[in-house]
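None of these values were measured; they are calculated from a predicted model.
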Amino acid sequence: GGAGASGASSETSSTSRTILLPLVGRHPERVTVSLYHTPNMPRAVERLLPNKFKETLGLQHMKIHVFDDTILMTGANLSEDYFTNRQDRYVVVRDAPQLAEFCEKIISVVSTHSYQLRSDNSLAMDSKVPDPLALLSKRAYTDSMKKSISDVIKEEKVEVTAHVPKESDTWICPLVQMGLYGVRNDQEATSALLEGTERQSSVSLATGYLNLTDEYVDIIRESKAKFRVLTASPQANGFLGAAGPAGHVPYAYIYIARWFYERMRSGERSDRVRLEEYTREKWTFHAKGLWYYLSDSLLPVMTLIGSSNFGMTSLATVHAPTVNTLL
């Protein structure tokens with residue numbers, strides 16, 4: 001996730017588009033590269049904005065890997081630092097054909113509504129799908145994406161209802177967040193989970209970028225449960241050392257963390273909310289998730305896995321596709 005139709009993932013000349021182009025040329029029958037582009041960023045604006053700031057207008061944020069009936073859920077991208085010195089989270093679900101098929105359908109819908117990279121390095125939209133950057137077809141594109149995603153979710157609900165297992169010790173519920181297209185499964189489920197916490201229970205929440213929505217902050221303030229919130233220290237923030245204004249982002253999160261802590265204190269919640277920072281020399285922190293513990297349990301009874309940071313950028317209407325999994 002993170003690259004748009006330009007394929008740009010950094011300020012360098014190496015992009016996801018240039019990296020994947022040779023594979024399309026060598027194996028056109030086996031390799032398809034789809035580049036999502038938000039309809040909220042016209043071409044004129046895209047040309048003016050640095051790549052780092054294009055993400056503020058919208059990006060593809062799903063991190064899903066499907067191998068036959070095996071699914072790898074994570075919040076990590078596939079850049080080099082994730083394989084060397086960036087702390088993240090990865091969960092493998094094996095022998096789950098129904099979940100694999102659902103994830104594949106979501107990927108397929110977003111891919112169909114994306115630009116296709118051709119072997120000559122040109123981009124083209126499916127003739128049956130409106131162009132997200134064409135001024136007169138933005139609404140049609142948005143409606144098409146919303147309907148296609150909603151149809152997949154509705155179909156899955158019917159399928160699950162018809163085949164509820166009689167005996168099982170684990171439930172897996174895929175959640176989709178596409179605020180721009182009116183799909184907010186993840187936001188609704190997370191709010192319900194936080195609101196349903198019991199007095200003696202506890203919640204551990206991790207995010208690389210602490211910028212919780214006002215809704216989540218208010219729920220935590222009113223909750224009787226204990227909360228442990230883990231985020232990146234300024235030294236472990238992925239923007240540390242970035243050129244230009246982006247280099248100041250880690251220090252902005254210091255302010256946000258202080259604001260969050262003060263909000264908890266004002267609600268007499270400082271004794272129940274513990275704020276921690278991840279620090280490890282030469283490492284950055286990008287893990288995200290939520291773990292819910294009942295009062296008498298040493299292990300979590302529920303967890304959220306995926307790409308949401310529980311912040312405004314994960315849920316806002318200008319952003320698109322995010323997929324979480326609730327276990």
Asks: Applying the 4.5 Å side-chain criterion to the ILVMFWY set and letting contacts propagate, would Y278 and Y209 be lumped into a single cluster?
Replies: no
Asks: Can you sort out the partners of Y292 under ring-ring contact (aromatic ring centres under 6.0 Å, His included), two or more places apart, ordered by chain and number?
Replies: none
Asks: I'd like to know if K147 and D151 make a salt bridge, using a cut-off of under 4.0 Å between side-chain N and carboxylate O.
Replies: yes
Asks: N85 and R280: side-chain donor and acceptor closer than 3.5 Å?
Replies: no
Asks: Using the rule side-chain contact (heavy atoms from CB on, under 4.5 Å), only one of K138, M145, R139 pairs with Y141; which is it?
Replies: M145
Asks: Heavy-atom distance under 4.5 Å between the side chains of L123 and Q116, does that happen here?
Replies: no
Asks: Closer than 3.5 angstrom, by distance alone: can the side chain of S297 be matched with the main-chain N or O of P300 as a donor-acceptor pair?
Replies: no
Asks: What is the ring orientation for F310 with Y216, classed by angle as parallel under 30°, tilted 30 to 60°, or perpendicular over 60°?
Replies: perpendicular
Asks: With sequence neighbours excluded, what pairs up with D126 under the salt bridge (Lys or Arg N to Asp or Glu O under 4.0 Å) test?
Replies: none
Asks: Can a side-chain donor-acceptor contact be found between T231 and T207 if the only test is distance below 3.5 angstrom?
Replies: no
Asks: Do any N or O atoms from the side chain of T84 and from the backbone of E80 form a donor-acceptor pair under 3.5 angstrom?
Replies: yes
Asks: Side-chain heavy atoms nearer than 4.5 Å, only ILVMFWY residues, links allowed to pass through others: does that put M302 and L304 together?
Replies: yes
Asks: Taking all non-hydrogen atoms of both residues into account, name the closest pair between A76 and Y90 and its distance.
Replies: CB-OH, 3.3 Å
Asks: Could you tell me which non-hydrogen atom of E215 sits nearest to which non-hydrogen atom of S191, and how far apart they are?
Replies: OE2-OG, 2.7 Å
Asks: Using the test ring-ring contact (aromatic ring centres under 6.0 Å, His included), find all partners of F260 that sit at least two apart in sequence or belong to another chain.
Replies: none
Asks: For a quick check under 3.5 Å, do Q98 and E156 share a side-chain donor-acceptor pair by atom type?
Replies: yes
Asks: Is any side-chain heavy atom of Y181 closer than 4.5 Å to one of T142?
Replies: yes
Asks: Decide whether T279 and S233 meet the rule of one side-chain donor and one side-chain acceptor closer than 3.5 Å.
Replies: yes
Asks: If the threshold is 4.0 Å, N to carboxylate O, is there a salt bridge linking R274 and E276?
Replies: yes
Asks: Would a single hydrophobic cluster contain both L20 and V31, if residues Ile, Leu, Val, Met, Phe, Trp and Tyr are joined by side-chain heavy-atom contacts under 4.5 Å?
Replies: yes
Asks: Using the rule that Ile, Leu, Val, Met, Phe, Trp and Tyr join whenever any side-chain heavy atoms are under 4.5 Å apart, tell me whether L78 and M62 fall into a single cluster.
Replies: no
Asks: Consider only side-chain N and O atoms of R86 and T284, and report whether a donor and an acceptor are under 3.5 Å apart.
Replies: yes
Asks: Under a plain distance cut-off of 3.5 Å, with no hydrogens placed, do T303 and R89 share a side-chain donor-acceptor pair?
Replies: yes
Asks: Can you tell me if H27 uses its side chain to pair, donor with acceptor, with the backbone of L23 under 3.5 Å?
Replies: no
Asks: Shortest non-hydrogen contact from S150 to K146?
Replies: OG-O, 2.8 Å
Asks: Is there a donor-acceptor pair under 3.5 Å between the side chain of T197 and the backbone N or O of L194?
Replies: yes
Asks: Strictly distance-based, threshold 3.5 Å: is any side-chain N or O of S295 a donor or acceptor partner for the main-chain N or O of Q200?
Replies: no
Asks: If I take atom CG from residue D69 and atom CG from residue D95, how far apart are they, to the nearest 0.5 angstrom?
Replies: 7.0 Å
Asks: Hydrogens and angles aside, do N77 and Y82 bring a side-chain donor and acceptor to less than 3.5 Å of each other?
Replies: yes
Asks: Using side-chain heavy atoms (C-beta onward) and a distance below 4.5 Å, is I64 in contact with L72?
Replies: no
Asks: Indicate if L117 and L133 have the same hydrophobic cluster label, given that clusters are the connected sets of ILVMFWY residues with side-chain heavy-atom separations under 4.5 angstrom.
Replies: yes
Asks: Hey, does I220 have a side-chain heavy atom less than 4.5 Å from the side chain of L212?
Replies: yes
Asks: Check whether any side-chain heavy atom of T112 lies under 4.5 Å from a side-chain heavy atom of S148, and answer yes or no.
Replies: no
Asks: Could you check whether D131 and Y115, counting side-chain N and O atoms only, form a donor-acceptor pair closer than 3.5 Å?
Replies: yes
Asks: Determine, stepwise, if the pair M264 / R221 fulfils side-chain contact (heavy atoms from CB on, under 4.5 Å).
Replies: CA-CA 6 Å; M264 296 301 106; R221 286 185 69 201; 3.1 Å; yes
Asks: Any donor and acceptor pair, going by atom type alone, linking the side chain of T190 with main-chain N or O of D186 inside 3.5 Å?
Replies: yes
Asks: Would you say V176 and M178 make side-chain contact, with heavy atoms under 4.5 Å?
Replies: yes
Asks: Using 0.5 Å steps for rounding, measure from the CE atom of M73 to the OG atom of S307.
Replies: 7.5 Å
Asks: So, do V91 and T74 sit near enough that their side-chain heavy atoms are less than 4.5 Å apart?
Replies: no
Asks: Minimum heavy-atom separation for S119 and L21, please, with both atom names.
Replies: O-CD1, 3.8 Å
Asks: So does E198 pair up with K224, basic N to acidic O under 4.0 Å?
Replies: no
Asks: Is the closest side-chain donor-acceptor distance between H37 and S114 under 3.5 Å?
Replies: no
Asks: Does E104 offer a backbone N or O that forms a donor-acceptor pair with the side chain of S108 under 3.5 Å?
Replies: no
Asks: Under a 3.5 Å threshold, yes or no: a donor from one side chain and an acceptor from the other, between D120 and S122?
Replies: yes
Asks: When rounded to the nearest 0.5 angstrom, what distance separates CD1 in I149 from CD1 in I106?
Replies: 4.0 Å
Asks: Scan side-chain atoms only and decide if S79 and D81 contain a donor-acceptor pair under the 3.5 Å cut-off.
Replies: yes
Asks: If we count only N and O atoms by modelled type, under 3.5 Å, do the side chains of K63 and H61 hold a donor and an acceptor together?
Replies: yes
Asks: Is R258 salt-bridged to E262, cutoff N-O under 4.0 Å?
Replies: no
Asks: Of all heavy-atom pairs between P250 and P234, which one has the smallest distance, and what is that distance?
Replies: CB-O, 3.8 Å
Asks: Ion pair present between K226 and D271, side-chain N to carboxylate O less than 4.0 angstrom?
Replies: no
Asks: Give, for atom CZ of R17 and atom CD1 of I19, the distance between the pair rounded to the nearest 0.5 Å.
Replies: 13.0 Å
Asks: Quick one: NZ on K128 to OG on S144, what's the gap to the nearest 0.5 Å?
Replies: 11.5 Å
Asks: Rounded to the nearest 0.5 Å, what separation is found between the CG atom of L210 and the CD1 atom of I256?
Replies: 7.0 Å
Asks: Any side-chain heavy atom of F102 sitting closer than 4.5 Å to one from I172?
Replies: no
Asks: Taking all non-hydrogen atoms of both residues, which atom of Q87 and which atom of W283 are closest, and how far apart?
Replies: N-CE3, 3.7 Å
